[in-house]
Amino acid sequence: KSTTELAFATDLDIETAEVLATQLVAQKDIGDAKLSYALHVLKENRAFLNAGYDTFHEYVEAKIQISAPKASALASRWQMFTALGLSTNVLTGPNAISWSKFGELAPGVKAGIVTQESIDLWLPLLTSDGPFAITNSGISKFIKAEIANSAAEEDPEHMENMTIRT
């Protein structure tokens, strides 16, 4: 967790978050960390109510022009990012992590494989380049294997023929 300059400020109000999210979606920057953060702000602050929508899903599809599942996944990705104790400074500099690669960690975060205690071990794999960088597909396979290994360790009697699909 380097001390380089922050990639972007994390203090958006609802109106600014809505404008930013709309601009990023229009520019096709749907893999951007800023978009994940803006959608998180909108979801957490229930911006859909002030905008006259009944649900976050209706709101993002009509107002932001992004599919509801994609918007929810991106907002959740931001929540996982901060839950792991990370700040935006890991998104900049020579060893910057890729936001799309970070998204591949989601199943590992949910399964408790990737934690605050272990995130420093995972960060080198998420860099865009460098000696440890691997592809999104490689990260996904690695996470699935770690989840399978963890499940087998917890219940070796229940070990079945596990297939990792890509």
Side-chain angles (χ1 to χ4, degrees), residues 1-120 122-128 133 135-140 142-144 146-147 166:
K1 301 168 195 163
S2 76
T3 58
T4 59
E5 184 176 327
L6 295 179
F8 58 92
T10 53
D11 58 356
L12 292 179
D13 58 36
I14 293 172
E15 294 79 20
T16 308
E18 185 177 282
V19 170
L20 179 62
T22 303
Q23 288 173 344
L24 291 170
V25 168
Q27 295 168 9
K28 306 290 186 221
D29 285 337
I30 58 174
D32 192 289
K34 288 181 193 176
L35 178 58
S36 290
Y37 172 65
L39 291 168
H40 169 76
V41 168
L42 296 172
K43 189 173 187 177
E44 289 296 304
N45 291 292
R46 302 173 56 89
F48 62 90
L49 294 175
N50 291 340
Y53 294 92
D54 292 331
T55 66
F56 178 72
H57 290 173
E58 291 173 11
Y59 168 70
V60 294
E61 288 184 348
K63 189 88 171 163
I64 309 297
Q65 301 292 304
I66 186 173
S67 75
K70 183 72 173 178
S72 289
L74 287 170
S76 294
R77 188 180 304 174
W78 182 263
Q79 204 165 5
M80 287 180 212
F81 182 77
T82 57
L84 291 172
L86 298 172
S87 75
T88 62
N89 62 358
V90 298
L91 302 169
T92 62
N95 294 318
I97 68 166
S98 159
W99 192 246
S100 64
K101 287 182 182 182
F102 179 78
E104 298 297 334
L105 292 185
V109 174
K110 290 177 184 172
I113 301 296
V114 180
T115 64
Q116 274 189 320
E117 292 75 28
S118 70
I119 190 60
D120 287 333
W122 294 94
L123 288 178
L125 302 177
L126 304 179
T127 58
S128 299
T135 64
N136 288 29
S137 167
I139 293 168
S140 177
F142 191 49
I143 288 291
K144 288 176 183 176
E146 289 291 308
I147 292 170
T166 57

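The shown structure was predicted, so the numbers you read here are calculated from the model rather than taken from an experiment. Count residues from 1 along the sequence.
- The two residues Ala38 and Ala17 come nearest to each other via the heavy atoms CB-O, 3.6 Å.
- Here the closest non-hydrogen pair linking Asn45 and Ile14 is CB-CD1, 3.5 Å.
- Under the ring pair (Phe, Tyr, Trp, His ring centres under 6.0 Å) criterion, Phe48 pairs with no residue at all, not counting sequence neighbours.
- In this structure, Ala33 and Leu91 approach most closely via the heavy-atom pair CB-CD1, 3.6 Å.
- Taking CG of Leu126 as the reference point, atom CG of Asn95 lies at 11.5 Å (rounded to 0.5 Å).
- Residues Lys34 and Leu20 form a side-chain contact, since some pair of their non-hydrogen atoms from C-beta on lies under 4.5 Å apart.
- Thr115 contributes no side-chain N or O that, together with a main-chain N or O of Gly112, makes up a donor-acceptor pair within less than 3.5 Å.
- Contact annotation: the side chain of Val114 approaches that of Ile143 to within less than 4.5 Å [non-hydrogen atoms, C-beta and beyond].
- Two residues are said to be in side-chain contact when any heavy atoms from C-beta on lie closer than 4.5 Å; Arg77 and His40 fail this criterion.
- If you take CG on Leu84 and CD on Glu117, they are separated by 9.5 Å, rounding to the nearest 0.5 Å.
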Please tabulate, for the side chains in residues 57-64, all donor-acceptor contacts under 3.5 angstrom to protein atoms that are two or more places apart in sequence or on a different chain.
{"from": "His57", "atom 1": "NE2", "to": "Ser72", "atom 2": "OG", "distance (Å)": "3.2"}
{"from": "Glu58", "atom 1": "OE1", "to": "Asp54", "atom 2": "N", "distance (Å)": "3.3"}
{"from": "Tyr59", "atom 1": "OH", "to": "Glu18", "atom 2": "OE1", "distance (Å)": "2.5"}
{"from": "Glu61", "atom 1": "OE2", "to": "Ala68", "atom 2": "N", "distance (Å)": "3.0"}

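- Taking the six-membered ring where the residue is Trp, Trp99 and Trp78 present tilted rings, their angle falling between 30° and 60°.
- Between Phe142 and Trp122, the ring-plane angle classifies as tilted under the 30° and 60° cut-offs.
- Of all non-hydrogen atoms in Pro107 and Ile147, the two that sit nearest each other are O-CD1, 3.6 Å.
- With sequence neighbours left out, the side chain to side chain donor-acceptor pair (under 3.5 Å) criterion links Asn136 to Ser100.
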Requested in this report: Decide yes or no on side chain to side chain contact (heavy atoms under 4.5 Å, CB included) for Val41 and Thr16, but give the supporting numbers first.
Outcome: CA-CA 10 Å; Val41 168; Thr16 308; over 6 Å; no
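- How far CD of Glu146 is from OG of Ser118: 9.5 Å, rounded to the nearest 0.5 Å.
- Contact record, Ser87 with Asn89: OG-OD1, 2.6 Å, taken as the closest heavy-atom pair.
- Note that CG of Leu74 and NZ of Lys43 are 10.5 Å apart. Values are rounded to the nearest 0.5 Å.
- By the 4.5 Å heavy-atom criterion applied to side chains, Leu86 and Phe102 are counted as neighbours.
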